[in-house]
Amino acid sequence: MAKELVKNDFADVTFGRKSVRLYDETYKISHEEMLEMIQEATTAPSSVNMQPWRFVVVESEEAKAKLKPLIRFNTKQNDTSSAMVLIFGDLQCYELGEEIYNQAVAEGKMPEEVRDQQLASIIPYYKSFTKAQMNDVVKVDSSLAAMQFMLTARAHGYETNPICGFEADALAETFGLDKERYVPVIILSVGKAKESGYTSVRLPAEKITEFK
């Protein structure tokens, strides 16, 4: 019975999701709830727990006006959503490695000697990556957090729409970030749906899966 309940909860959050591009423009999400959703999204896994995702919540009229020319074909979401959540990958995420692992020790989730061993190997290893290699790492990890945010938002009663069509070269600098350090990964519109949205088809698992 418990297994069935978990399955049904998952289905409600995932399979019922529709592509929504028009939101109730009068609805505002509080900062407290937005931070709660982001915190829940960051329970997503990341390589050696470096958590490279960084979030910029664009919610004011002024900030949305700056974003609008950078998203071209997705202005409806920008105009009506409660917020546009910009997700970046931090190419120097390892700079927070010590803080992350110290927290793990403080919370009793990792012995001190394991922390020291891990940091001694992980930090130099990450620093040895080329920019292209690091770019791949942070984009994969940040995409996991993005998907987690979409599921979390739906559990909170909101709809989201993932947007990849934007001016990547200008996004970071437009919102005060170092474009050499922060790689734009995806933009998520979020808010209360004003339309029913539409569903899309998926290829059957049998067609895209091989068992060896």
Side-chain angles (χ1 to χ4, degrees), residues 7-44 53-89 139-177 179 182-205 208:
K7 183 178 178 181
N8 289 338
D9 290 343
F10 179 76
D12 288 342
V13 173
T14 55
F15 305 148
R17 198 185 71 80
K18 296 182 178 181
S19 181
V20 173
R21 290 171 170 77
L22 186 65
Y23 302 88
D24 178 358
E25 60 270 23
T26 67
Y27 191 90
K28 303 300 180 186
I29 299 175
S30 70
H31 287 188
E32 290 76 16
E33 187 174 18
M34 183 64 76
L35 288 172
E36 182 181 351
M37 290 192 293
I38 290 174
Q39 191 72 63
E40 291 166 357
T42 61
T43 61
W53 41 69
R54 303 292 180 262
F55 299 82
V56 175
V57 180
V58 175
E59 59 177 2
S60 68
E61 292 303 316
E62 295 78 11
K64 284 190 170 186
K66 290 199 296 183
L67 179 60
K68 192 168 185 174
L70 303 181
I71 52 175
R72 295 174 292 178
F73 308 114
N74 298 284
T75 56
K76 185 186 296 185
Q77 297 96 306
N78 187 59
D79 291 343
T80 64
S81 65
S82 297
M84 302 287 279
V85 181
L86 318 184
I87 300 180
F88 296 86
K139 280 194 169 182
V140 168
D141 289 352
S142 298
S143 293
L144 292 172
M147 187 70 248
Q148 189 96 320
F149 181 89
M150 294 174 72
L151 296 174
T152 293
R154 195 153 207 280
H156 278 250
Y158 304 114
E159 297 293 346
T160 57
N161 183 231
I163 297 168
C164 294
F166 52 82
E167 301 292 341
D169 290 344
L171 196 65
E173 280 190 319
T174 299
F175 292 95
L177 300 179
K179 71 176 184 178
Y182 297 99
V183 178
V185 176
I186 198 168
I187 298 174
L188 302 176
S189 59
V190 58
K192 286 286 187 181
K194 199 174 182 179
E195 61 179 9
S196 59
Y198 60 89
T199 57
S200 55
V201 300
R202 291 295 183 270
L203 293 170
I208 60 171

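Excluded from the calculations below are hydrogen atoms, water molecules and symmetry mates; all remaining heavy atoms, backbone and side chain alike, are included. Start at 1 with the first residue, then count along the sequence.
A pairwise comparison of heavy atoms in Leu70 and Ala170 identifies CD2-CB, 4.0 Å as the closest pair. The shortest heavy-atom contact between Tyr23 and Asn161 is OH-N, 3.4 Å. Considering all non-hydrogen atoms of both residues, Ser142 and Gly89 come closest at OG-CA, 3.6 Å. Pairing each heavy atom of Ser60 with each of Ala63, the nearest pair is OG-N, 3.1 Å. When all heavy atoms are compared, the tightest approach of Ala193 to Val20 is CB-CG1, 3.8 Å. Shown here for Val85 and Met34, the closest heavy-atom pair between the two residues is CG2-SD, 4.3 Å.
Side-chain contact between Glu40 and His156 is present, with heavy atoms from C-beta onward closer than 4.5 Å. Using a 4.5 Å cut-off on side-chain heavy atoms (C-beta onward), Ser189 and Met84 make contact. Between Leu67 and Ile187, some side-chain heavy-atom pair lies under the 4.5 Å cut-off. Residues Ile163 and Gln77 form a side-chain contact, since some pair of their non-hydrogen atoms from C-beta on lies under 4.5 Å apart. In this structure the side chain of Asp79 never reaches within 4.5 angstrom of the side chain of Glu25, judged on heavy atoms. Side chains of Ile186 and Cys164 form a contact here, defined as non-hydrogen atoms less than 4.5 Å apart. The side-chain heavy atoms of Trp53 and Gln148, taken from C-beta on, include no pair separated by under 4.5 Å.
Between the CZ atom of Phe175 and the CG atom of Leu86 there is a distance of 5.5 Å, given to the nearest 0.5 Å. The CG atom of Asp141 lies 12.5 Å from the OG1 atom of Thr42; values are rounded to the nearest 0.5 Å. Rounded to the nearest 0.5 angstrom, Thr152 OG1 and Met37 CE are separated by 8.5 Å. Annotation: the span from Ile87 atom CD1 to Met147 atom CE amounts to 10.5 Å, rounded to 0.5 Å.
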### Task
Begin from the C-alpha positions of Lys66 and Val58 and carry the test side chain to side chain contact (heavy atoms under 4.5 Å, CB included) through to its verdict.
CA-CA 9 Å; Lys66 290 199 296 183; Val58 175; over 6 Å; no
### Query
Step by step, would you call Lys179 with Asp169 a side chain to side chain contact (heavy atoms under 4.5 Å, CB included)?
CA-CA 8 Å; Lys179 71 176 184 178; Asp169 290 344; 5.6 Å; no
### Query
Given the rule in the side chain to side chain contact (heavy atoms under 4.5 Å, CB included) test, do Val56 and Leu171 qualify, once you have shown the distances and angles that lead to the verdict?
CA-CA 11 Å; Val56 175; Leu171 196 65; over 6 Å; no
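For the salt bridge (charged side-chain N to carboxylate O under 4.0 Å, His left out) test, no residue two or more places apart in sequence or in another chain qualifies with Lys192. The salt bridge (charged side-chain N to carboxylate O under 4.0 Å, His left out) search around Glu167 returns Arg72, not counting sequence neighbours. Residues forming a side chain to side chain contact (heavy atoms under 4.5 Å, CB included) with Ser143 (at least two apart in sequence, or on another chain): Val185.
Between the side chain of Ser82 and the backbone N or O of Tyr27, at least one donor-acceptor pair lies under 3.5 Å. Under a 3.5 Å cut-off, the side chain of Glu195 and the backbone N or O of Arg21 do form a donor-acceptor pair. Between the side chain of Lys64 and the backbone N or O of Asn78, at least one donor-acceptor pair lies under 3.5 Å.
The aromatic rings of Phe149 and Phe55 sit tilted relative to each other, their planes meeting at an angle between 30° and 60°.
Residue-environment remark: NE2 (His31) stays at or below the threshold of 12 foreign heavy atoms within 6.0 Å. Residue-environment remark: NZ (Lys28) exceeds the threshold of 12 foreign heavy atoms within 6.0 Å.
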